Amino acid sequence: MTDLSLIRNLHFLRPEWFLLLIPFAVISYIQWRSGDLGRQWKAVIAPHLLPRMVVAGNQHQLLTPLWISVLVIPMLVVALAGPSWTRGESPFAVDEASLVIAVDLSESMSEADLQPDRLQRARSKILELAHARGDAYTALVVYAGTGHTVLPLSNDANVLLHYLDALQVGMLPRRGKSPDSILPMARDLLREGGGTLLIVGDGAPEPSIEAFRTLRDESGIQTIVWGMGKTQEELDKDAARGLKRSALPLQESGLMALADAAAGVYQRVSADDEDVRQILRQIDRHFELSEDSSRPWVDGGYYFVGPVMLLYLLWFRKGWALRW
C-alpha cells in the first residue's frame, strides 16, 4: 500500500473518544496557570521586584509530569479512537470468485463462421477459462426461448466438462433468444457472496437488454458478455475471398448494449487466448473489489499501547506526580 493510499484510507473507528481532549485541554491549561508563580504574584509585587522575588520553577522544562501528560493523554485518546488505515481478512471470504456461465443454445449458435461452429468454439473457450480458474466455483446455465440451470455452483472442473459436452443447439423446449430468462437463476446462484455472470452468445433482443438494467443496482454481481461470431463486415470480407458466408452475422451492437445496460463489460471472441485473459482479469478484479469491501478495518490503536506504557513508567520516579 502506497503512502498516498494510507493517508486516504486513514480514519477512526470510534471518533467520539476525541471529546475527551476538550476537558483535558481545559484542565491542563488551568494546571499550567496555577504553576506560574510570576502570574500569581503579579498583582501583589511591584513589576521591577517580581523577577528577584520569585524563584524560577520548572515550567520551561520538557521532562515534567505536566508536559509528559500533555503527550501521553492525547496518545491514549487516539488509541481509544481506533485509528485504522488497512483492512484485515474477512472471516466470510471464499478462496475464489464465483462464476455463472450462461450459454446461448438458440439456432444462430450453429452458424459456421467460427470453426467448427459458434457453439463448439464457445465450448472450447469456456474450457480454457475453466482450466485457468482451476477449482474455483462455477455454475452453468443455458438459454434459448427459456433459461435452465444445468450445473449449480461446483468446484469440480471435470463435472463442468461433462455437461459442456452435452450441450446442443435445439435441445431446449422453446425456441428463441432470451438471455434475460436466466437472470432469476443467476441471482439465486450468486445471492450468497456475489460473483460474475458471463453471457456467452451472438446476440440479444431489445426486451432482454432492458431487463438487464436491473443488474445495475446489484453491486455484488458483475456482468460480462462474450460475443461469439463474426460481424457483417467480416463476413463480407470472407465472401470476397470466396469463403462460405454465414447467414446470420454476430449482433455485436445488441451484445454491447446488453453489457452497457448491466454496467458490465463486453468481450469479443479472439483467435488466440487474449479474450480468455481479459475475462479472467475482469473476474479477478471484481472479486478483489468485492472482497475488499467486506473485509473489516484493522484497529491501529494497539500500536500506541507500547509507547504509552513506556511513558507511564516515568510515574514510578520518586516525587513524580501531578497535583491537580
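Please read these numbers as outputs of a predicted model, since none were measured by experiment.
For the pair Pro173 and His148, the minimum side-chain heavy-atom distance is below 4.5 Å. Ile126 is not listed as a side-chain neighbour of Leu198, based on a closest heavy-atom distance of 4.5 Å or more. Side-chain contact between Leu189 and Val141 is present, with heavy atoms from C-beta onward closer than 4.5 Å. Lys125 places a side-chain heavy atom less than 4.5 Å from the side chain of Ser270. Residues Pro74 and Phe24 meet the side-chain proximity criterion, which asks for heavy atoms closer than 4.5 Å. Residues Tyr143 and Val103 form no side-chain contact, since every pair of their non-hydrogen atoms from C-beta on lies 4.5 Å or further apart. Contact of the Leu105 side chain with the Met171 side chain is registered, since non-hydrogen atoms from C-beta on lie closer than 4.5 Å. Counting only heavy atoms from C-beta outward, the side chains of Trp226 and Leu129 approach each other to under 4.5 Å.
Note: the hydrophobic cluster containing Leu71 also contains Val77 (ILVMFWY, side chain heavy atoms under 4.5 Å, direct or indirect links). Residues Phe18 and Phe304 share a single hydrophobic cluster, defined by chaining ILVMFWY side chains whose heavy atoms lie under 4.5 Å apart.
Counting side-chain heavy-atom gaps under 4.5 Å among Ile, Leu, Val, Met, Phe, Trp and Tyr, the cluster of Met309 also holds Val305.
Taking every heavy atom of both residues into account, Leu114 and Val269 meet most closely at CD1-CG1, 4.0 Å. Residue Ser178 comes nearest to Ser208 through the heavy atom pair CA-OG, 3.8 Å, listed as atom of the first residue, atom of the second, then distance. Annotation for Ala204 and Ile209: closest pair O-CD1, 3.9 Å, computed over non-hydrogen atoms. Taking all atoms of both residues into account, the shortest heavy-atom contact from Met109 to Ala122 is CE-CB, 4.3 Å. Gly301 and Ala79 get closest at one heavy-atom pair: O-CB, 3.5 Å. Between Pro83 and Val78, the shortest heavy-atom contact is CD-O, 3.0 Å.
How far CG of Leu21 is from CG of Leu76: 10.0 Å, rounded to the nearest 0.5 Å. The distance from the CG atom of Leu311 to the CE atom of Met75 is 6.0 Å, given to the nearest 0.5 Å. In this structure, CD in Glu111 is found 12.5 Å from CG in Leu119, a value given to the nearest 0.5 Å. Rounded to the nearest 0.5 Å, atoms CG (Asp299) and OG (Ser84) are 7.0 Å apart. Distance CG/Asp188 to CD1/Ile182: 12.0 Å, rounded to 0.5 Å. In this structure, the separation between CG on Leu197 and CG on Leu183 is 7.0 Å, given to the nearest 0.5 Å.
Side-chain contact of Gln278 with Glu274: a donor-acceptor pair under 3.5 Å is present, judged by distance alone. Checking Arg123 against Gln120 by side-chain atom types alone, a donor-acceptor pair falls below 3.5 Å. Of the N and O atoms on the side chains of Arg187 and Thr214, at least one donor lies less than 3.5 Å from an acceptor on the other residue.
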Do Val225 and Phe212 pass the side chain to side chain contact (heavy atoms under 4.5 Å, CB included) test, and can you show the C-alpha distance, the side-chain angles, and the key distance before you say yes or no? CA-CA 12 Å; Val225 181; Phe212 271 80; over 6 Å; no
Pair Ile283, Arg133 - check side chain to side chain contact (heavy atoms under 4.5 Å, CB included), show working. CA-CA 10 Å; Ile283 294 173; Arg133 280 169 48 81; 3.6 Å; yes
Would you check, one step at a time, whether the test side chain to side chain contact (heavy atoms under 4.5 Å, CB included) holds for Lys177 with Asp104? CA-CA 8 Å; Lys177 191 184 294 289; Asp104 183 0; 2.5 Å; yes
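For Asp284 and Arg281, the salt-bridge test fails: no basic side-chain N is under 4.0 Å from an acidic carboxylate O. Taking 4.0 Å as the cut-off between side-chain N and carboxylate O, Arg121 and Glu128 do not count as a salt-bridged pair.
In His131, the NE2 atom is not crowded: 12 or fewer heavy atoms of neighbouring residues, nucleotides or ligands sit closer than 6.0 Å. For Glu233, the CD atom is loosely surrounded, since the number of other residues' heavy atoms within 6.0 Å does not exceed 12. Within a 6.0 Å sphere centred on CZ of Arg213, heavy atoms belonging to other residues, nucleotides or ligands number more than 12.
Between the side chain of Arg118 and the backbone N or O of Asp113, no donor-acceptor pair lies under 3.5 Å.
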Residues 253-268 side chain polar contacts: donor-acceptor under 3.5 Å, at least two apart:
| from | atom 1 | to | atom 2 | distance (Å) |
| --- | --- | --- | --- | --- |
| Tyr266 | OH | Glu252 | OE2 | 3.0 |
| Arg268 | NE | Gly229 | O | 3.4 |
| Arg268 | NH2 | Gly229 | O | 3.4 |
| Arg268 | NH2 | Glu234 | OE1 | 2.3 |
| Arg268 | NH2 | Glu234 | OE2 | 3.0 |

Using a 3.5 Å cut-off and no angle test, enumerate the donor-acceptor pairs between side-chain atoms of residues 151-167 and protein atoms at least two apart in sequence or in another chain.
| from | atom 1 | to | atom 2 | distance (Å) |
| --- | --- | --- | --- | --- |
| Ser154 | OG | Asp156 | N | 3.2 |
| Asp156 | OD1 | Asn158 | N | 3.0 |

